[in-house]
Asker: 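One structure is given below, represented as structure tokens, and several questions about it will come after.
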Amino acid sequence: MTALSRFAKFAWGVLALNVLVILWGAVVSATGSGAGCGENWPLCNGAVVPAAERTDTLIEYAHRLTSGLALLAVIALAVWAFRAHPAGSRVRRAAFVSFVFIIVESLLGASLVLFGWTAMDTSVIRVFMQPVHMLNTLLLLGAILLTARWASGGEAVQLSGQGGRVWLLGGGLLGAMLMSASGAVISLGDLLAGSLGEGYNDLVALLVQLRLGHPAIAIAVGLYIIWAAFRPEATPTPPARRFAYLTVGAVVAQWLVGFVNVALRVPLWTQILHLLLADALWLALVLWSAAALARSAARQPAGAPRSAAAAD
Ligand code: HEM
């Protein structure tokens with residue numbers, strides 16, 4: 001393996017920063033601190049540096065600072081990618097897509113605050129925004145990951161000539177999005193039901209009734225991912241096989257933490273661990289998909305013996 005360029009190291013750092021910001025975002029929602037800065041954005045309670053009298057203000061303000069840093073880091077990533085890589089390079093494309101998703105992420109975050117879809121708000125649109133926000137987060141992480149991977153010498157992806165592999169892996173990626181989006185919806189239901197006590201409305205009651213849907217989806221999709229990981233056509237190269245096993249490990253760990261989450265009635269630490277594992281599972285699955293759909297894999301017929309040349 002060749003030494004990583006400064007750009008590649010920066011890209012991996014930007015990925016780590018974004019994961020941390022996402023986890024802190026979960027602390028903001030789990031503690032009901034989304035309105036800690038009032039309905040002001042980007043100012044916090046009308047000031048650049050707010051008076052730090054309340055814990056929810058500190059939590060939300062820290063999220064604003066770190067998410068602002070993540071925004072600047074992704075913009076720097078895109079600018080640097082365009083300066084350091086030639087026109088048409090996949091690193092440039094992935095960095096540009098990361099830039100688009102971080103802009104959408106910031107707009108989604110700002111709209112939650114400006115429209116008051118935070119804290120104990122029980123509007124339908126807030127429920128709708130939960131999975132939208134989660135899906136954009138996953139796409140953002142996927143794009144930054146591919147920027148870092150490709151800048152580190154990862155092979156280009158090619159969809160033509162891959163046969164049923166595209167559907168196998170595409171199914172896994174869509175399924176993983178569904179798992180996390182359904183988790184985001186029930187997480188909101190738990191928060192609102194827990195904080196509003198008996199007085200919650202029909203919408204929150206519906207979210208509470210949907211609780212079982214998320215584990216059911218997570219078990220079904222997890223089984224699909226495990227099944228796919230052991231199919232030769234989904235693991236045509238040694239790297240694809242390694243990442244497939246990593247994904248399987250993340251699924252099993254996530255199932256366990258999911259059950260602990262329920263058994264302990266969702267304390268903050270299992271909530272954060274569950275979200276961290278959801279991100280880890282997603283990143284492993286993206287790496288597996290990119291390795292299985294690599295250009296060199298397209299030249300191999302499905303199920304053919306794995307060649308050393310295909311390894312990266
Ligand atoms: C491998 C599959 C799974 C994935 C990818 C996944 C993903 C997620 C995600 C992304 C969230 C939202 C976290 C947040 O917004 O803070 C969530 C919430 C949740 N998940 Fe899962 N999950 C999986 C399996 C399970 C299982 C098997 C169970 C239970 C048996 C479970 C129970 C829960 C619960 C109770 C919540 C709500 C936690 C809260 O109130 O914040 N999950 N899940």
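Counting starts at 1 for both ligands and their atoms, following the listed order.
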Asker: Going by side-chain contact (heavy atoms from CB on, under 4.5 Å), L275 matches just one of I22, V257, T137. Which one?
Answerer: I22
Asker: Find all atoms of ligand 1 within a distance of less than 4.0 Å from any non-hydrogen atom belonging to V262, and give their numbers and elements.
Answerer: 29 (C), 35 (C)
Asker: May I ask which of P131, S187, A184, A193 has a heavy atom nearer to atom 41 (O) of ligand 1 than the others do?
Answerer: S187
Asker: Tell me if a side-chain donor or acceptor on Q130 pairs with a main-chain N or O of A184 at a distance below 3.5 Å.
Answerer: yes
Asker: Nearest heavy-atom pair of S152 and W12: which atoms, and what distance?
Answerer: OG-NE1, 2.9 Å
Asker: Check V49 against Y61 and note the closest heavy-atom contact, atom names and distance.
Answerer: CA-OH, 3.5 Å
Asker: With the threshold set at 4.0 Å, does a side-chain nitrogen-carboxylate oxygen contact exist between R211 and D190?
Answerer: yes
Asker: Measure the distance from atom 34 (C) of ligand 1 to every protein heavy atom, then report the residue, atom name and distance (to 0.1 Å) of the closest one.
Answerer: I186 CD1, 3.6 Å
Asker: Should one rank Q130, H214, M177 by closest heavy-atom distance to atom 42 (N) of ligand 1, which comes out on top?
Answerer: H214
Asker: Suppose we measure from atom 13 (C) of ligand 1 to each protein heavy atom; which comes out shortest, and what is that distance?
Answerer: L275 CD1, 4.1 Å
Asker: Are the ring centres of F96 and F101 closer than 6.0 Å?
Answerer: no
Asker: Give the numbers and elements of all ligand 1 atoms closer than 4.0 Å to a heavy atom of M179.
Answerer: 1 (C), 2 (C), 5 (C)
Asker: Verify the neighbour count for atom CG of N201: are there more than 12 heavy atoms of other residues, nucleotides or ligands below 6.0 Å?
Answerer: yes
Asker: Identify, by atom number and element, the atoms of ligand 1 in contact range of S180, meaning under 4.0 Å from any of its heavy atoms.
Answerer: 5 (C), 10 (C)
Asker: Testing the basics here: between N136 and E105, what is the closest heavy-atom pair and its distance to 0.1 Å?
Answerer: ND2-OE1, 2.7 Å
Asker: Which atoms of ligand 1 have any heavy atom of A278 under 4.0 Å away?
Answerer: 7 (C), 10 (C)
Asker: Distance under 4.0 Å to a non-hydrogen atom of Q271: what atoms of ligand 1 satisfy this?
Answerer: 39 (C), 41 (O)
Asker: Which heavy-atom pair separates A95 from L77 by the least distance, and what is that distance?
Answerer: CB-O, 4.2 Å
Asker: When you measure from atom 28 (C) of ligand 1 to every protein heavy atom, which one gives the shortest distance, and what is it?
Answerer: G258 CA, 3.5 Å
Asker: At what distance is the nearest protein heavy atom to atom 3 (C) of ligand 1, and which residue and atom is it?
Answerer: Q254 CG, 3.2 Å
Asker: Identify the closest protein heavy atom to atom 37 (C) of ligand 1: which residue and atom is it, and at what distance?
Answerer: D190 OD2, 3.6 Å
Asker: For the residue pair M177 and L139, what are the closest heavy atoms and their distance?
Answerer: CE-CD2, 3.7 Å
Asker: What residue and atom, counting heavy atoms only, is the protein's closest point to atom 38 (C) of ligand 1, and at what distance?
Answerer: V266 CG1, 3.3 Å
Asker: Using a 4.0 Å cut-off to any heavy atom of M134, which atoms of ligand 1 qualify?
Answerer: 10 (C)
Asker: Taking non-hydrogen atoms only, is H274 closer than 4.0 angstrom to ligand 1 via side chain, backbone, both or neither?
Answerer: side chain
Asker: Would you mind listing which atoms of ligand 1 come within a distance below 4.0 Å of any non-hydrogen atom of A218?
Answerer: 2 (C), 3 (C), 23 (C), 24 (C), 25 (C)
